[in-house]
Amino acid sequence: MKTIDHNFGENILIYEGAIVPESSQIGPFSIIYPGVEFEENVKIGSSCIIGKKPTTGSNQTKLLEFTETLRIRKNTIICDQVIIYTGCNIGEDCYLADKAFIRENVNIERNVVIGTAVTVSFNAHIGSGTKIMTGTNIGGKMKIGQNCFIGAHVCSVNDNNPRLNTSRSEHQAAIIEDNVVIGSNVTILPHLLIRKGITVAAGSVVSKNLTEENQLYFGIPAKIKNKNL
Ligand SMILES: CC(C)(COP(=O)(O)OP(=O)(O)OC[C@H]1O[C@@H](n2cnc3c(N)ncnc32)[C@H](O)[C@@H]1OP(=O)(O)O)[C@@H](O)C(=O)NCCC(=O)NCCS
């Protein structure tokens, strides 16, 4: 059930059941699995794996259900060594840099930038116009609003007590509203809310809800910056 399609060049593997229009560009050594659907003018770099199914180990928490389709909308650019699991929607005009790693059921709206070596974990949602910089970890089920900026090496986690082995249905990374800026190296604990327009200073740890819209928070734990202190 697999085919090597030379219309796109040598050493590219496109499985039967993938929908890959002629306007697509695909780099060498990339694999496109069944259930993948590209809209027009999608560019895929070299050594990408598109439409991978998750595999489970005996000591791993149970996966959430996932669909076996993966849609990549028009004009989106995927660079080299990118892995995207099945069940995702990647909006139009997005840019995924080298080594971006997107787990199952992720929904990325239009015009989003995913930086080099960013990991987006299962069932996360990223709003249109948002940019996420190098090496950041977006935790499972995290929701990020529109036009946010997430700096480099931010770590958002989805489980407060990993040793309890709770199921993924109980895991929930933070919810971030529109126009939020998260500085580099910020850690964001699970089940929290960061309201509209907030900036979180580089290196902060967010351990409580940040509720005051458009304010600057900083420090460990992150608190509103009081200019008089
Ligand atoms: C928080 C931030 C926006 C403040 O910028 P600013 O208003 O220009 O602040 P200043 O540089 O004038 O610093 C004001 C005070 O806050 C302190 N401060 C600044 N950033 C801080 C931080 N991240 N954590 C703790 N204190 C900080 C300064 O030392 C200074 O202290 P002082 O009043 O005792 O002298 C900025 O420092 C920041 O963290 N930006 C995020 C940058 C980033 O991560 N970009 C992502 C690129 S990928």
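Indexing begins at 1, ligand by ligand and atom by atom, following the structure's order.
Heavy-atom contacts of Lys225 reach the following atoms of ligand 1: 15 (C), 16 (O) (cutoff under 4.0 Å). Listed by number with element, the atoms of ligand 1 under 4.0 Å from a non-hydrogen atom of Phe149 are 46 (C). Close contacts between ligand 1 and Ala152 involve ligand atoms 48 (S) [criterion: under 4.0 Å to a heavy atom]. Proximity to Phe218 (heavy-atom distance under 4.0 Å) selects the following atoms of ligand 1: 24 (N), 25 (C), 26 (N). Ligand 1 places these atoms under 4.0 Å from at least one heavy atom of Ala201: 1 (C), 22 (C), 23 (N), 39 (O).
Using a 4.0 Å heavy-atom cutoff, Gly219 is absent from the residues neighbouring ligand 1.
Between Phe122 and Tyr85, the ring center distance fails the sub-6.0 Å criterion.
The residue from Thr136, Val206, Val200 that alone fulfils the side chain to side chain contact (heavy atoms under 4.5 Å, CB included) condition with Ile182 is Val200.
At least one N or O atom of Ser184 sits closer than 3.5 Å to an N or O atom of ligand 1.
Put simply, the side chain of Tyr217 gets close to the backbone of Glu212: a donor and an acceptor are under 3.5 Å apart. Judged by distance alone, the side chain of Thr134 and the main-chain N or O of Ala152 form no donor-acceptor pair under 3.5 Å.
Salt bridge absent: Glu40 and Lys74 never bring a charged side-chain N and a carboxylate O closer than 4.0 Å. In this structure, Lys196 does not pair ionically with Asp178, as no charged nitrogen and carboxylate oxygen lie closer than 4.0 Å.
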